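Treat the numbers as computed from the prediction; the structure is a model and nothing was measured. Just follow the structure's listing: the first ligand is 1, and inside any ligand the first atom is 1.
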Amino acid sequence: MMLKIANIVGARPNFMKIAPIHRLMQSHNGFSPFLIHTGQHYDEKMSQTFFKELGMPEPDLYLGVGSGSHARQTAAIMIELEKIFFEQRPDRVVVVGDVNSTLAASLVASKLHIPVAHVEAGLRSFDRTMPEEINRILTDSVSDLMFVSEKSGLTNLKNEGFSGNKIHLVGNVMIDSLIEHLDKAEASTILDDLGIKSGDYALMTLHRPSNVDDEEVLRDIVSALEMITNDLPVIFPIHPRALKMLQEFKLDQEIRRLNNLFLLEPLGYLTFLKLMRYARLILTDSGGIQEETTYLKVPCLTLRQNTERPVTIELGTNRLVGSSKEDIISAVEAVINGDGVTGEIPHLWDGKSAARIVEILSQFNG
Ligand code: UD1
């Protein structure tokens, strides 16, 4: 019997996680996968570009829910998915990560008694002011299979009382995609286009509400950038949410005036991989970039107080810096002065995580 699998994506960081899983399922004779895109992210540069570069097929279904408050966005996805799950009757639903689309899909599926597999289960920041932490906890609580990317996930799930046979340490599917595309990314001409030398720039991303929605915090980060750009060019591909908030706080003119700052639109996957690989250091509040820099052994300064991915600090090149001007500047100076962190690659971040997931799913008869 072919198992009908609904693979769910919604936001940018979902695409490189589902891509290797969906592809392996397509060539597996036990699975008939279909891809549903909720439309949480909809700008071409946040969505279609990634489908193309990752070699993913067009989604079988596109819900087009777009932006909104958490309740509106989550509810809109749930209403659409309920109709689809009723019609299509998938045997399993696979969700990845911790975005609103992840939670919405797992709630709908579990109430229809469709087994849910959560990829990237068990990560915890222990900070419930983060919407993603709520999404992670709730998604895990209704999941039938939990695929864990690092050991802390096993510990967290065990502490929360989940039964061991649901939980599988499989490694990191985002790293599967990274390994697969690293060579292709070399063809990007971004460094020449910007006139910047390899190893001689910082790369920055920012989008978390705690950094971009708070005027004082964002102002502090912009003034840190002013100092950093005296030493090092900074490449800053900007997330639409961060751009909107810079404009709202009238900080966009200020940031555009900085000489050594390259404010760019959101970049494609391959270009961004190349920029990460050759950066002197990376400043970010993203979850995935903490992991990608660990794999690439590039120093990562995380502008947050906590991380749900502690292995990137324990073994990798990541450091928690916070978001104050002083802390950011001194962390950057430390890296520039040679205090670069060397790191190790975590267990099972080997490019084969999607294969492990597909194998376990094929054995699962829940
Ligand atoms: C979402 C995820 C976050 C993830 C991030 C990666 C949740 C709660 N958050 O945050 O975990 O790290 O994606 O990017 O699911 N917008 C556009 N075009 C788009 C998408 C968004 O302009 O294609 C703007 C809109 O103004 C929107 C805002 O960005 O209101 C926020 O989008 P949303 O999907 O709610 O959350 P993100 O901040 O992108």
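Using a 4.0 Å cut-off between charged side-chain N and carboxylate O, Arg124 and Glu308 make no salt bridge.
The single protein non-hydrogen atom nearest to atom 16 (N) of ligand 1 is Tyr42 OH, 3.6 Å, given as residue, atom name and distance. For atom 18 (N) of ligand 1, the nearest non-hydrogen atom of the protein is Asp43 OD2, 3.1 Å. Looking from atom 2 (C) of ligand 1 to the surrounding protein, the closest heavy atom is Val99 CG1, 3.7 Å. Shortest contact from atom 33 (P) of ligand 1 to any protein heavy atom: Gln40 NE2, 4.1 Å. Looking only at protein heavy atoms, the nearest one to atom 39 (O) of ligand 1 is His41 NE2, 2.7 Å. Closest to atom 31 (C) of ligand 1, if we only count protein heavy atoms, is Arg241 NH1, 3.5 Å. Annotation: atom 27 (C) of ligand 1 to nearest protein heavy atom, Ser67 OG, 3.2 Å. The closest protein non-hydrogen atom to atom 8 (C) of ligand 1 is Asn100 OD1, 3.3 Å.
Residue Pro13 touches ligand 1 through its side chain alone, judged by heavy-atom distances below 4.0 Å. When heavy-atom distances to ligand 1 are checked against a 4.0 Å cut-off, Met46 comes that close only through its side chain, counted from C-beta outward.
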- request: Show your reasoning for whether salt bridge (Lys or Arg N to Asp or Glu O under 4.0 Å) applies to Arg208 and Glu132.
  value: CA-CA 10 Å; Arg208 227 157 262 297; Glu132 294 81 3; 3.1 Å; yes

message: Show, in sequence, the C-alpha distance, side-chain angles and deciding distance for Arg356 and Asp350, and conclude whether the salt bridge (Lys or Arg N to Asp or Glu O under 4.0 Å) test is met.
response: CA-CA 11 Å; Arg356 292 186 191 100; Asp350 58 0; 2.5 Å; yes

Working for salt bridge (Lys or Arg N to Asp or Glu O under 4.0 Å), residues Arg136 and Glu133: CA-CA 5 Å; Arg136 289 188 280 262; Glu133 181 74 352; 2.9 Å; yes

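For ligand 1, the atoms sitting less than 4.0 Å from at least one non-hydrogen atom of Gln73 are 34 (O), 35 (O), numbered in the order shown with element in parentheses. Residue-ligand proximity, His207 to ligand 1, at heavy-atom distances under 4.0 Å covers atoms 4 (C), 5 (C), 6 (C), 12 (O). Taking every non-hydrogen atom of Lys244 and a distance limit under 4.0 Å, the qualifying atoms of ligand 1 come out as 26 (O), 30 (O).
For the residues Pro240, Pro266, Gly288, the heavy atom positioned nearest atom 24 (C) of ligand 1 is part of Pro240. Which of Glu132, Glu44, His239 comes nearest to atom 3 (C) of ligand 1 through a heavy atom is settled by distance: it is Glu132.
Checking only distances, Arg12 never comes within under 3.5 Å of ligand 1, N or O to N or O. Residue contacts with ligand 1: Asn135 is placed with no nitrogen or oxygen under 3.5 Å of a nitrogen or oxygen of the ligand (distance criterion only).
Using 4.0 Å as the threshold, His70 has a heavy atom nearer than that to some atom of ligand 1.
Of the residues Leu315, Ile179, Val311, Val173, the one that meets the side chain to side chain contact (heavy atoms under 4.5 Å, CB included) test with Trp349 is Val311. Between Val94 and the options Ile8, Ile18, Leu35, a side chain to side chain contact (heavy atoms under 4.5 Å, CB included) holds for only Ile18.
Taking the six-membered ring where the residue is Trp, the centroids of Phe147 and His118 are separated by 6.0 Å or more. Remark: aromatic rings of Phe236 and Phe262 are distant, center separation not under 6.0 Å.
Between Glu80 and Thr38, the side chains place no donor N or O within less than 3.5 Å of an acceptor N or O (distance only, hydrogens not considered).
Remark: the backbone N or O of Tyr269 is paired with a side-chain donor or acceptor of Glu53 at under 3.5 angstrom.
In this structure, Phe50 and His41 have side chains that are not in contact, with every pair of non-hydrogen atoms separated by 4.5 Å or more.
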